[in-house]
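This report refers to the structure that appears directly beneath it.
Being a predicted model, the structure only gives us computed values, none of them experimental.
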Amino acid sequence: MGDNPVAGVAPRTQSKMTRVKNKSAANVQITAEQLLREAQERQLEHVAPTPRQKITDPEELAEFRMKQRKHYEDAIRKNRGLIGNWIKYATWEDGNQEYERARSIYERALDVEHRNTTLWLKYAEMEMKQKQVNHARNIWDRAVTIMPRANTFWQKYTYMEEVLGNIVNARQVFERWMQWHPDEQAWYSYINFEMRYKEFDKARGVYERLIRCHGDVKHWIKYAKFEKYQNLIPNARAVFERAVEYFGEDNLDPTLFLAFARFEEDCKEHERARAIYTLALAKIPKAECEELYNAFTKYEKKYGDRSRVEDVIVNKRKYMYEEEVKSNPANYDAWFDYVRLSEEEGVLDTTRDVYERAIANVPPAAEKNLWRRYVYLWINYAVFEELVAKDAARTREVYDACLRLIPHSTFTFAKIWLLYAHFEIRQKDPKAARKVLGKALGMCPTEKLYKGYIELELQMREFDRCRTLYNKYLEFNPANCNTWTKYAELEAILGDVERARGIYELAVEQPLLDMPEVLWKAYIDFETELEEFDKARDLYERLLQKTQHVKVWIAYAEFEAAMEHDDMVAQTRHVYETGEKEVRKGGDKTQRLLLLESWRDFERDFGDEISLKRVQDKMPKRVRKRREVFADDGTSEGWEEYHDYIYPDEEAKGPNLKLLQFAKMWKAGKMQLPGAAAPSAAAEASATTETSKDDASGSAGDPPTEEKTGGAGGSDFIAAEAFSGAKPGYVFKQGPQGVGYYADA
């Protein structure tokens, strides 16, 4: 059975199936039961059609009819409730023109199931087909009496009467139908019926009954369109007005107003249409007015002027902002846009109302990040009251309310205090301004408050108050170098040099400063401007006792180079020499290079060839090295290249570096190493070097020369922090370039 699963199929069916290419036994064998079930499901068996009979003898015909009737009766007897058997039986008798028998079968079927819609329809259609009008009318009457909610019966009944031309009877059927308050489609069928026969008054009466039975907006609109179609404009307008009154203010529908406005627009009543749009937008909730806004905007663009169009757009934007702030009251950006829009309208009370609603949304937590945008609402509110509303009292109330609301024990906003103080100054009340800022410094002192207060007193030329504020400011934060500098500059401007110098002295003696280099520079510049060069020189010496930074040495040397006296070159050169020694002790090669470059530039401008040659002999060589990079967990991440500087004094300490010089000279063809063989391609590729020092005629901006060391293929040095095994031709040791593998000389 596994070899041929379809062996039992008839040849005709088998030929239609896909031919099996693989006829080997299947891994999973199927049973005969499964084959039969699949055959039944797929209907593979061929069922021969019933042969057609040709009957010519009346007796044979009678016998055939008797046989068919017996077949139908047996089917009915087996399943009396199956209406399809009854309909087939009656249809067969109807086809044999046995109308009495068919009528009898339908009546028997109705006794079994009198609420079957199909049965009544087939029964009535049979009578109408045979033009048995009274029989059909009787059936329709019985049907609508038994099932008055079946609209199909009523529809067929009225259609039959209308086709027969019995308009009065058709209208009576419609009236009987309307007594049951059917759905809207039945009413419109009645209206269309009256319209077909030009009975407009009767159609109007049906509309009146329709809107009383079904008071939806669409029925009112269709009623008004009906009146407009009759060219009865006052009647149509009256229908719309009745509809507005019918729904009242609590149930207004934007669709009704939209249709009403378009009706007035079609009638060229633009003022009426504009009034309808305005009323609708004022009465209907904003969430339901989007379509109205769009229609009103289009209307104003067609018939209105620019101001009216702008009003519509403003109202639409208001609606958008209302929705945004309703969905998220903490969206302060939306509130900013909303109040700006209100300010542009110019209605003070409306703008104040929007501001009050906005500032009522206090941030939920006492975190400054949450309050930053919120505080600007208060600032804009105060500016609006001062500049737009011209109400100083309300402005003061806004500032006071804002300051009461901010949790100053946690954080504060110096901007609010300063704006409040400047407002009082504009009101010509400096006493109140000082009171505000004094309160601010007592509750929550900040650097911004001190700076703003001092600037305010400076503008009013109250220098004694400025001194007092600077003293308080320095008590609050003595490490702020800018404060010391500004204080001293103030005294210098006022002409009190000794007081300014005393402030600078106090400042440089502070144990902790945030930017001491700024302070020292300001002090030195102060003495230099006063032409107190000896004191400035002493300041440099004092500063060098605190730090040996190369920038200080360079600035000191430039200061000496700017002096106009005979010993300027010698003193400047002495500073460079001393600085070079101190920086060399520090071990920072980059700082030493910066100092030497500055010294070289000085010698080029003011020295001779001998002094310039002496400085150039101190310039380092820049070499390129490799070192292993390690991750945080100690694992190797590979090698990286870096630049290093080798100074002549270091080169003298490392004799192995002579090999590099010999290699360069050999490559350049200047000399032949004793016993050296011809260089390999790898050796030539790795022995690339550059000149080590600038010539006397080189430019001032030339960088130090480079020399490549490290790597494989004939390199002289391979950096390594630990011994990782023997390498042919290399020795692992501590040398002038650090720990690593050096070429075996």
Side-chain angles (χ1 to χ4, degrees), residues 110 113-128 132-232 234-248 251 253 255-256 259-260 263:
L110 290 174
E113 180 57 62
H114 65 279
R115 302 192 67 83
N116 189 286
T117 306
T118 306
L119 188 60
W120 286 103
L121 291 175
K122 292 291 184 180
Y123 192 7
E125 286 175 0
M126 182 195 74
E127 298 292 357
M128 288 192 296
Q132 298 292 328
V133 177
N134 291 329
H135 281 284
R137 188 178 287 119
N138 182 30
I139 293 169
W140 289 127
D141 284 332
R142 291 166 60 194
V144 298
T145 302
I146 294 173
M147 289 183 289
R149 295 296 179 184
N151 292 337
T152 307
F153 296 158
W154 294 104
Q155 198 75 36
K156 294 281 187 180
Y157 194 3
T158 55
Y159 178 71
M160 183 191 75
E161 295 291 354
E162 187 176 359
V163 169
L164 294 174
N166 197 347
I167 307 304
V168 177
N169 284 356
R171 187 176 287 112
Q172 290 177 356
V173 173
F174 271 118
E175 289 295 335
R176 290 171 58 193
W177 189 6
M178 297 304 112
Q179 291 177 2
W180 291 96
H181 300 287
D183 57 11
E184 58 194 47
Q185 188 58 43
W187 291 96
Y188 286 117
S189 297
Y190 193 7
I191 292 170
N192 293 335
F193 166 78
E194 298 292 359
M195 293 285 289
R196 283 195 294 271
Y197 297 98
K198 310 299 180 182
E199 296 288 347
F200 300 117
D201 292 336
K202 289 184 170 61
R204 187 176 293 108
V206 177
Y207 265 119
E208 290 289 343
R209 293 161 62 188
L210 169 61
I211 60 177
R212 286 197 299 268
C213 181
H214 300 284
D216 297 338
V217 173
K218 58 183 179 180
H219 304 317
W220 287 94
I221 296 175
K222 287 186 178 181
Y223 187 12
K225 288 182 178 180
F226 163 78
E227 296 291 0
K228 181 183 175 184
Y229 176 75
Q230 304 302 322
N231 203 21
L232 299 175
N235 289 359
R237 186 176 291 115
V239 171
F240 277 118
E241 292 173 353
R242 286 172 55 197
V244 173
E245 295 177 0
Y246 174 80
F247 288 102
N251 299 307
D253 194 314
T255 308
L256 176 62
F260 196 2
F263 163 76

Starting from the C-alpha separation in whole Å, work towards a yes-or-no answer on side chain to side chain contact (heavy atoms under 4.5 Å, CB included) for K156 and E125. CA-CA 9 Å; K156 294 281 187 180; E125 286 175 0; 4.2 Å; yes
Evaluate the criterion side chain to side chain contact (heavy atoms under 4.5 Å, CB included) for residue pair K202 and F174; output intermediate values, then yes/no. CA-CA 12 Å; K202 289 184 170 61; F174 271 118; over 6 Å; no
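Atom CG of N138 is separated from atom OH of Y123 by 8.0 Å, given to the nearest 0.5 angstrom. One finds the NZ atom of K228 at 14.0 Å from the CG atom of N235 (value rounded to the nearest 0.5 Å). Rounded to the nearest 0.5 Å, atoms CD (E161) and CZ (R171) are 12.5 Å apart. Taking CZ of F153 as the start and OG1 of T145 as the end, the distance is 11.0 Å to the nearest 0.5 Å. Going from atom CZ of R149 over to atom NE2 of H181 covers 8.0 Å, rounded to the nearest 0.5 Å. A distance of 12.0 Å separates CH2 in W220 from CZ in F260, rounded to the nearest 0.5 Å.
Annotation: Y197, atom OH; neighbour count of heavy atoms from other residues, nucleotides and ligands within 6.0 Å is above 12.
Remark: the D141 side chain and the Y157 side chain contain an N/O donor-acceptor pair separated by less than 3.5 Å.
Side chain of R204 to main chain of F226: no donor-acceptor pair is present (N/O by atom type, distance under 3.5 Å, no hydrogens or angles). With W154 contributing its side chain and P148 its backbone, the two residues share a donor-acceptor pair below 3.5 Å.
A 4.5 Å side-chain heavy-atom check between R115 and E113 finds at least one atom pair inside the cut-off. I167 is not listed as a side-chain neighbour of E199, based on a closest heavy-atom distance of 4.5 Å or more. Residues F200 and E194 have side chains not in contact (no heavy-atom distance under 4.5 Å, counting atoms from C-beta outward). No side-chain heavy atom of H114 sits less than 4.5 Å from a side-chain heavy atom of R142. The shortest side-chain heavy-atom distance between M126 and I139 does not fall under the 4.5 Å cut-off. The closest side-chain heavy-atom distance from L110 to W120 is below 4.5 Å. In this structure, the side chains of F247 and L256 come closer than 4.5 Å at one or more pairs of heavy atoms. Residues V206 and F193 fail the side-chain proximity criterion, which asks for heavy atoms closer than 4.5 Å.
Annotation: side chain to side chain contact (heavy atoms under 4.5 Å, CB included) contacts of R209 (sequence neighbours excluded): E175, M178, W187, Y190, R212. With sequence neighbours left out, E241 forms a salt bridge (Lys or Arg N to Asp or Glu O under 4.0 Å) with no residue at all. Residues that satisfy the salt bridge (Lys or Arg N to Asp or Glu O under 4.0 Å) test with K218, not counting sequence neighbours, are E184.
Note: H219 and Y188 meet the aromatic proximity criterion, with ring centroids under 6.0 Å apart.
Ring planes of Y223 and Y207: parallel class, angle under 30° (limits at 30 and 60°).
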